[in-house]
Structures are given as structure tokens and as C-alpha cells.
There are 2 protein chains.
Amino acid sequence: MSLLDASGLNEEQFLQQYNPGDFPRPSVAADIVIFTIADVEGDNFRKLPGKELRVLLVRRGGHPYIGQWALPGGFMRPGETVGEAANRELVEETGVNGGYLEQLYTFSAPGRDPRAWIISCAHMALIDSGQINVHAGSDAADAQWFVVKTENAGGYIELSLSGKDASLHATAALQNGDTDIQITKNVGLAFDHAKIILYAVNRLRAKLEYTDLVFRLVPERFTLTALQLVFEAILGRTLYKAAFRRKIVDLVQETECYTSDKGHRPAKIYVKKMKEEGGQNERTNTGEF
Amino acid sequence: MSLLDASGLNEEQFLQQYNPGDFPRPSVAADIVIFTIADVEGDNFRKLPGKELRVLLVRRGGHPYIGQWALPGGFMRPGETVGEAANRELVEETGVNGGYLEQLYTFSAPGRDPRAWIISCAHMALIDSGQINVHAGSDAADAQWFVVKTENAGGYIELSLSGKDASLHATAALQNGDTDIQITKNVGLAFDHAKIILYAVNRLRAKLEYTDLVFRLVPERFTLTALQLVFEAILGRTLYKAAFRRKIVDLVQETECYTSDKGHRPAKIYVKKMKEEGGQNERTNTGEF
DNA sequence: GTAATAGTGTCTTTGAGACACTATCAA
DNA sequence: TTGATAGTGTCTCAAAGACACTATTAC
């Protein structure tokens, strides 16, 4: 480029003399809603373990929101994308590298952090419970998994998070035109993290229906019933078996293996179907860039 | 709260002594993809005007990317959300206040702006062409509307933008698992704005199908055929009339009025149906917070 | 009449919802 | 045998796709 600007500078000269000035800049945090699916062991040897959706939270050891629970997160650093910052935190907290990570939304309300001007670029991570290794190198000694449940009742959404040591609860009101929500009650969650978690649950549920994100939450080999239980745990409602199987049959690939020693009829083991060269793959596009 | 932290401070004391430190912080820009629908006037008095999707771009008067076209945008300021920053720019560029504005995604690749560490929180705005008033108080003398067309061919997406004075073009390659795209060719678009525009077009197309966003792009009163032409212009394909009408009939409300003097059968005028108190409104939730 | 759009009817196909039924294992 | 899951068949209903047909205006 040899184009000159109004001062007669070419691009190289311009960049050399460029001064970013001293306008105020916010800190940018990458917060992550880390989801996993966990088994609920029953006492009946014949029953399959139930599944539940869990989110990882960290107990705050200092002000503000001391003693309350927050999403894992950290500040973005020069030379990395905000997604890389999120991944760094994900690895620190869970030991999982290469897990699924997706940017959700950037929360920037003034005052959302009482300490300083900090905006949060929220992310969602999905990891298979088999590879979880919480506390791997984490400085957050108080990281815990919380079971996620929501209830929808008359313009309000109730979010319940149940952990080993604590039960958290938030209520959100749907606002004008359902395009906005506002937290009206909040017990135990730090910052605006209740809002972020609700946003993430919403996104996860929506994408479950039109992408193949489920496979980020289950082991490589699974039965169709296990897969259905994962759907049900996330969506919070039961599905019809026949309809469910019709729907996902073209996303999975059967193997020759079966379960055994379960006290009931063995189930065929499936794996995720790999993309064919010439085939149509409508459900793989996640819409993210 | 009278809880004390490890230093024996309560929250108020902590916040008073809190020092945000001097860690590097990025500038945060709010860039906006402003869409509108415009008429394509024909020469046949009987023919309805065609519709086309347009995006507003600004010609850069200085380095970097001097002479190329960029999205309108500006920096986020303390005390406002990034959405408010976007709205400020939207009003400056178009004179439209209260238009539809939605946050898309935060682009943060290092080096995306050669001047400095600047991340971009991209937004999408939809305005009715009737209220457009480009240059209203704008300092960007070179703002122009570009017709948006995309073509999908074998793992690549072609984006074409046609304006009065310029034709821009970019090619994007779908990457691993379609979860990522990469711009492989770019003629005339500044920064990573080709990527942002593609992201916005994608989002708009997807939301058109399951929300009532169309009504942000059309005048208050419209015919069903005009509405269908808007859908077709955005989606880039023709729709079946009968099926289209079945689909949107429960989103619109007919009036007593008809078009006239058109050289063909008059069409009934419709308005957007307002939400009923007790009714179900499945298509109003946009999934945004 | 003619060229255009307005508006509707209907047949087919697809897929979800709902339910019932058979199959098969381990204790 | 029993209690559980595995797996399939099928009827219904709703919605989309595809096409054809009639209606109505300004010139």
C-alpha cells in the first residue's frame, strides 16, 4: 500500500506515529459456564443411572460477594483471543484441554462488578464427565459441581443450583417482548452470574435441537437410551423413545458391541457418525465463527 | 454485609482500598451491521418493486485500510453498556433512535486492528427503510448502502456487496466441522468486517425463521406479498406463496384497507399482530438477554 | 382483453407425538 | 418368573413443499 492519508503519510508511517491515546478502557474477563452430565446412581442394580446437568462454580474467598458462588473466569491478556483466555481458565479448572468451547454473549452493564469497570465475555464449555479432573492445578480450592434445574412459571424463570455444600437460587423476569430478562431474586450467586448461567442453559437447550453438541457431553461409546437421558436431563422433560430414535438415527453409527451384565436386555453401543464426503450434514453447523 | 475477608476487611473497606492495578486492557469497540430492506424500482408500472437486503458501510478516510469500506462503530465509554455504545453509533449514522439492536459476537483476534489492541463487540441493527436518514449528523461523509448477496459453493461462501460507487467481495472457507470460517479473499472490506457481516447475515437468516424480526424491517402497514419479498430478499431464495401465508398468518393482523392504483388486484393491508394476554407466543422469544 | 398480483384449495411428504407391542437379558 | 431396558410398528396430526386454480384490478 502506498496510499497517503490527509497528512501525507503512508500506512507504515501512520502506524509508526499512531498513539492509541489514553481513553479509558475496561478490563475484559472471560467467564465460563462449564457444563457436564453426571450419573445419578440409584440403589436398584437393574435401573440405569439417571443423568443430570451440572455446572461448575467456584466459591469466592474474597470481596466482593465473599462466600458466594461464581463462574470460573479470568482476564483476557494481550496476544490472545478472548476464547483462548476462556480455554486457559477451562484447562486450569478442569484439566480438560480441547473441550468444546463457545462464546455466548458479552455482559457489560455498568456496575456489574463493584470493584472496577469489567465487562465479561461469557463462554460455554461442554465436557464429558469421564475426563473431568476438577482441581487439576486449580487455585480455586472451592470448585464444586451444581445440578442445574429450571422452572418456567408465568413470566418468570426459576433457576435452582444444588451442590454438595450449598443450594443456590435465582428468579428471572421476562421483560418487554421476552427479549430481555432481569434477575429479581438471587440467593448465593455472585455478580450477574445467575443471568449468565440462564443464558447458557438457554443456548445449550436450543443448540441441542439443531446441532450435534450432545456428543461433547457423552463418552465416545454410548447407548441410545443413555443419549436420550442426556437430552432429557438438559431439556428438563421426558421424550418419546421411538420419536427420539427416529430423530437421532442419522447422527449416530452403530457398532457390533452390546452392553452386558445390566440385569436386562443388552443395548447396542453406538458412536457418533463421522461426516461422509459427499453427504449432506445439515446438523453440524453450529452457527459460530 | 459484615463478612470479613482474609485481611479483616468488610466489603465497603475492601472496595475503598481496591486498586484495579495496571494490567493491560483492550479498547472495546461496538461495530454495527445495519441492515435495511430497500425497493428495487422496475420500469413496468404493473410490477411490484423488488426488495433487496442492504448493509450500511463507511468509507475509511484514514489509515489503516484507507479508502476501503468498514462497518460503522465506535468505542465503548465508561458508564454505558456496549449495546448503548452501539446504539449511539446507530443514531449518529442513521438518525434512527429506538431501532432494533442485537449483540452478535465479540471478535478479538490479536492483530485484527493494526493500530492497537482493539476488540470488537459486533451488533446487528434492523431499520425500516422508511425512516432512514443517512448522514443525519454523521461525521462519516462517505456512508453508503450496499446490496448484500451471498452464494454457497462447495465449502466456500461468497459475499458480494454492491454499492453506488464500489463493489466489494469476500470469500470465506468453512473450517473444521463448520464451526469456524476463515476469510480467504477480501476485496475492499476493512479489518475483519467481512467476517462480521457474514456472521450477521447468518444470524439474521436464522432468526427470521423463528422470531418476528421481519417486522423490524418493514413499515407498519404492509401486504403479505411485500412481506414475502422481504423474506426472499434476506434468505436469497423464493418461497411458496401458500406455504408462506400459512406460516405467518398468526403473526399478522388484517386491516380493512387495500392497496389501489397498482394495475392489478388490490391486496389487503396487514399490520403486525399484537400479543394477546392469555395467548401463546412461541415466536416472540429471540433468545437474547 | 391482458398482464400482472391476490388469494385459496388440495394433494403429497415429512416428521413429531403418542402409544402399544415384542424381545432379551440377569437375578 | 420377574423386573427392568431394548427396540420396533403404527396411527394420528401438524406443517411444509409443490402445484393448480380462481379472483380482481388498471390500463
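Residue numbers start from 1 in every chain, and the chains themselves are labelled A, B, ... in the order their sequence lines are given, proteins ahead of strands.
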Counting only side-chain N and O atoms of B:Lys247, is one of them less than 4.0 Å from OP1 or OP2 of D:dA16?
yes
Looking at DNA chain D, which of residues 233-240 of chain B put a heavy atom within less than 4.0 Å of it?
B:Tyr240
Just checking, any donor-acceptor pair under 3.5 angstrom between side chains of A:Thr150 and A:Arg205?
yes
Toward the 5' end of DNA chain D, which comes first, A:Pro266 or B:Lys241, by nearest nucleotide?
A:Pro266
Here the distance between atom P of C:dA6 and atom CZ of B:Arg46, to the nearest Å, is 13 Å
To the nearest Å, how far apart are A:Tyr258 OH and D:dT5 C1'?
14 Å
Greater than 12 external heavy atoms within 6.0 Å of A:Glu220's CD
no
Which comes earlier along DNA chain C counting from the 5' end, the contact point of A:Ala242 or that of B:Leu224, where each point is its nearest nucleotide?
B:Leu224
Would one find a side-chain N or O of B:Asn44 under 4.0 angstrom from OP1 or OP2 of C:dA4?
yes
Could you check how far CZ of A:Arg265 sits from P of D:dT8, rounded to whole Å?
8 Å
When A:Thr259 and A:Ala243 are each assigned the nearest nucleotide of DNA chain D, the 5'-most assignment goes to A:Thr259
Can you identify which nucleotide, out of C:dC25, D:dC27, C:dA16, has its nearest atom closest to the A:Arg246 side chain?
C:dA16
Send over the distance from B:Lys262 NZ to D:dC27 P, rounded to a whole Å.
11 Å
Length of the line joining B:Lys268:NZ and C:dT8:C1', which is rounded to integer Å:
12 Å
On the 0 to 90° scale, with breaks at 30° and 60°, tag the B:Tyr105-B:Tyr199 ring pair as parallel, tilted or perpendicular.
tilted
Options D:dT5, C:dG7, C:dT5, nucleotide nearest the side-chain atoms of A:Lys47
D:dT5
For a quick test of reading the model, state the closest non-hydrogen atom pair linking A:Ala143 to A:Glu93 and the distance between them.
CB-OE1, 4.1 Å
Between C:dA6, C:dA27, D:dA6, spot the one nearest the side chain of A:His264, thanks.
D:dA6
Under 4.0 Å between a side-chain N or O of B:Thr225 and OP1 or OP2 of C:dA6?
yes
From CD1 of B:Ile248 over to C1' of C:dT8, roughly how many Å is that when rounded to an integer?
15 Å
Specify the residue among B:Ala267 and A:Asp261 whose closest nucleotide of DNA chain C lies further upstream toward the 5′ end.
B:Ala267
B:Arg54/B:Glu52 salt bridge by N-O under 4.0 Å criterion:
yes
Take the protein atom CZ of A:Phe244 and the nucleotide atom P of C:dG15, then report the distance between them rounded to whole Å.
16 Å
Do A:Thr171 and A:Thr184 have side-chain atoms, one donor and one acceptor, less than 3.5 Å apart?
no
Rounded to whole Å, the CD-C1' distance (A:Glu232 to C:dG17) equals 14 Å
Would you please say whether a donor-acceptor pair under 3.5 Å links the side chains of A:Glu102 and A:Tyr100?
yes
Quick test of your reading: applying ring pair (Phe, Tyr, Trp, His ring centres under 6.0 Å), list the pairs with at least one residue in residues 251-274 of chain A, sequence neighbours left out, ordered by first then second residue.
none
